[in-house]
S.K.: 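Handing you this structure, nothing more for now.
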There are 2 protein chains.
Amino acid sequence: MAQDTPPAKRGRKRAVGEDEVVAAAIRLLGTRGADAVSIRGIAAELGLAPNAVYTYFPDRAAVVRAVVEHLLGETDLAALTAHDTPWRDRIHTLAADLRHRLLAHPGAVNLLLSGRMDGPHALALGEALLAVLADAGLDPTQAARASYLLIVQVLGAIALEAAELPSPLPPPPIAERVATRREQLRGVPADRYPRTVEAADTIARFVSDEQYAWGLDRVLDGIAGRAKG
Amino acid sequence: MAQDTPPAKRGRKRAVGEDEVVAAAIRLLGTRGADAVSIRGIAAELGLAPNAVYTYFPDRAAVVRAVVEHLLGETDLAALTAHDTPWRDRIHTLAADLRHRLLAHPGAVNLLLSGRMDGPHALALGEALLAVLADAGLDPTQAARASYLLIVQVLGAIALEAAELPSPLPPPPIAERVATRREQLRGVPADRYPRTVEAADTIARFVSDEQYAWGLDRVLDGIAGRAKG
DNA sequence: TACATTAATTGCACAGCGTACAGAAATTGG
DNA sequence: CCAATTTCTGTACGCTGTGCAATTAATGTA
């Protein structure tokens with residue numbers, strides 16, 4: 001275990017570390033929402049002057065990237081490579097895990113979608129996804145395309161759900177969110193939007209576990225159709 | 001045609017109208033990016049003091065909602081209801097149109113994803129989508145679920161593409177974006193991420209028309225599998 | 001024509017943001 | 001003990017959204 005203590009440098013000691021900065025950011029994300037993840041907010045959380053943060057990260061975008069990386073790093077990739085469970089189930093588990101974790105910090109998904117996801121954890125997730133899709137019988141090219149499709153689907157669904165969460169935390173439970181949607185759908189005029197009104201009950205449940213899993217299953221159906229044999 | 005001139009009100013005349021505010025916002029969105037869509041920027045664009053904008057909209061979020069509504073209103077819904085073309089083609093046309101328009105104003109999709117899409121144009125789009133999916137042979141419940149799936153897929157894909165566009169406008173052409181991705185993928189270590197490196201060429205093309213259409217086709221495959229008969 | 005009423009616009013102000021720059025504080029090697 | 005080096009702080013600039021009071025412009029009424 002290379003204890004990488006870079007051989008005792010000269011100069012003042014750091015009050016905190018990069019990880020504590022990220023931790024403070026995530027703490028703010030969870031308690032006061034994405035808007036509270038500011039340089040000044042993080043600094044206050046750490047008991048530092050705002051500028052001190054720039055010792056650890058060059059700018060706010062870098063902090064956000066690190067936060068995203070950390071969030072992606074919490075993913076349980078082992079569940080993806082569990083060869084004893086069917087590949088579709090493994091993807092379902094990963095997708096549900098991501099959804100729960102990202103919706104617990106509403107606004108987190110917006111951070112993900114605010115820049116490229118090219119850190120090591122993002123790469124590891126992609127790699128694991130490619131392995132699962134190889135298990136599913138896809139050749140490398142098809143597997144790559146399918147992996148991107150899955151990421152789009154999962155992050156897209158989470159982003160749309162997060163979009164209608166209220167800004168003050170914490171987010172209401174799903175039942176309440178569905179009830180709110182149902183209430184708002186009651187105001188839709190049936191003459192102009194007949195099919196919308198007819199399906200209002202299903203539409204109200206768009207933000208549910210079931211819809212999320214249903215959509216993922218359709219995507220998996222489409223992907224399975226490209227597997228050889 | 002009820003010329004709804006609300007019978008000559010008292011008080012100072014308005015310098016502009018709501019639509020001009022929205023138009024100024026979209027102009028800024030296209031020329032200087034999403035960050036430039038600020039109250040002060042819009043006011044400057046209109047030759048007004050910042051506060052004057054609050055005559056037309058209660059706050060910035062309301063302006064953004066109006067912008068989103070306007071962007072959605074530009075969609076050609078007639079193409080969706082063209083009964084002489086196969087339903088999948090109609091959806092492909094709509095999806096491609098949305099992608100081109102939203103990526104022309106990078107950051108626009110982030111505005112879409114920053115709140116509920118419940119305006120009349122959003123409703124009209126949903127209604128048209130339900131009609132197409134009814135043509136495809138889905139019952140109302142399945143059609144509703146499928147419509148949400150499609151919206152998730154389309155907006156998700158656009159959001160992921162927009163996430164890696166550079167902030168200074170205009171956005172580079174697709175070929176250049178793919179080249180950038182390919183370049184960045186050259187730095188990925190093959191020992192740790194073998195499948196990623198193996199499929200690097202496909203991964204570089206994630207931001208292409210082909211990947212977008214391929215993903216949509218897999219979703220449509222999955223949806224078609226739920227049609228009766 | 002004068003005035004009062006009403007609406008739109010402005011100026012000013014406040015609190016917040018990211019961050020650049022200079023200097024103070026702290027820690028170490030020589 | 002000093003000089004070098006690093007971190008942290010104080011201050012400041014320009015930007016943001018937006019509230020409040022005063023000003024400007026248009027109207028209906030007297």
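Naming convention: chains lettered A, B, ... in sequence-line order (proteins, then strands); numbering from 1 in each chain. Since we're looking at a predicted model, the values are computed, not measured.
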S.K.: Counting neighbours of CZ on A:Arg192 that are heavy atoms of other residues, nucleotides or ligands and sit closer than 6.0 Å, is the number greater than 12?
M.R.: no
S.K.: Does any part of the side chain of B:Val178, heavy atoms only, come nearer than 4.5 Å to the side chain of B:Val207, both counted from C-beta?
M.R.: yes
S.K.: Listed in order of residue number, which residues of residues 15-31 of chain B have a non-hydrogen atom at under 4.0 Å from DNA chain C?
M.R.: B:Ala15
S.K.: For the residue pair B:Ala143 and B:Leu133, what are the closest heavy atoms and their distance?
M.R.: O-CD1, 3.3 Å
S.K.: Give the B/S/- string for nucleotides 15-25 of chain D, one per nucleotide from 5' to 3', where a protein heavy atom under 4.0 Å of the base yields B, of only the sugar-phosphate yields S, and otherwise -.
M.R.: -BBBBB---BB
S.K.: What's the shortest heavy-atom distance between A:Ala128 and A:Leu80, and which atoms?
M.R.: CB-CD1, 3.7 Å
S.K.: Is B:Glu74 paired with B:Arg101 through a side-chain N to carboxylate O contact shorter than 4.0 Å?
M.R.: yes
S.K.: Quick check: do B:Glu127 and A:Arg195 have side-chain heavy atoms less than 4.5 Å from each other?
M.R.: yes
S.K.: Strictly distance-based, threshold 3.5 Å: is any side-chain N or O of B:His70 a donor or acceptor partner for the main-chain N or O of B:Ala66?
M.R.: no
S.K.: Near A:Asp35 CG, under 6.0 Å, is it more than 12 heavy atoms from other residues, nucleotides or ligands?
M.R.: no
S.K.: Let me know the distance between CD1 of A:Ile42 and P of C:dT19, rounded to the nearest Å.
M.R.: 11 Å
S.K.: What dot-bracket string describes DNA chain D from 5' to 3', counting Watson-Crick and G-U wobble pairs whose defining distances are under 3.5 Å, with [ ] for crossing pairs and | for pairs to another strand?
M.R.: ||||||||||||||||||||||||||||||
S.K.: With side chain to side chain contact (heavy atoms under 4.5 Å, CB included) as the criterion, how do A:Val21 and A:Leu46 come out once you've worked through the C-alpha distance, each side chain's angles and the decisive distance to 0.1 Å?
M.R.: CA-CA 7 Å; A:Val21 176; A:Leu46 297 171; 3.9 Å; yes
S.K.: Could you check whether A:Tyr56 gets within reach of a base, just the sugar-phosphate, or nothing at all, counting any heavy atom under 4.0 Å?
M.R.: sugar-phosphate
S.K.: Looking only at heavy atoms, what is the nearest atom pair of B:Val197 and B:Val188, with distance?
M.R.: CG2-O, 3.6 Å
S.K.: Phosphate oxygens OP1/OP2 of C:dT27: is one of them under 4.0 Å from a side-chain N or O of A:Arg10?
M.R.: no
S.K.: In whole angstroms, how far is the P atom of C:dT19 from the CZ atom of A:Phe57?
M.R.: 13 Å
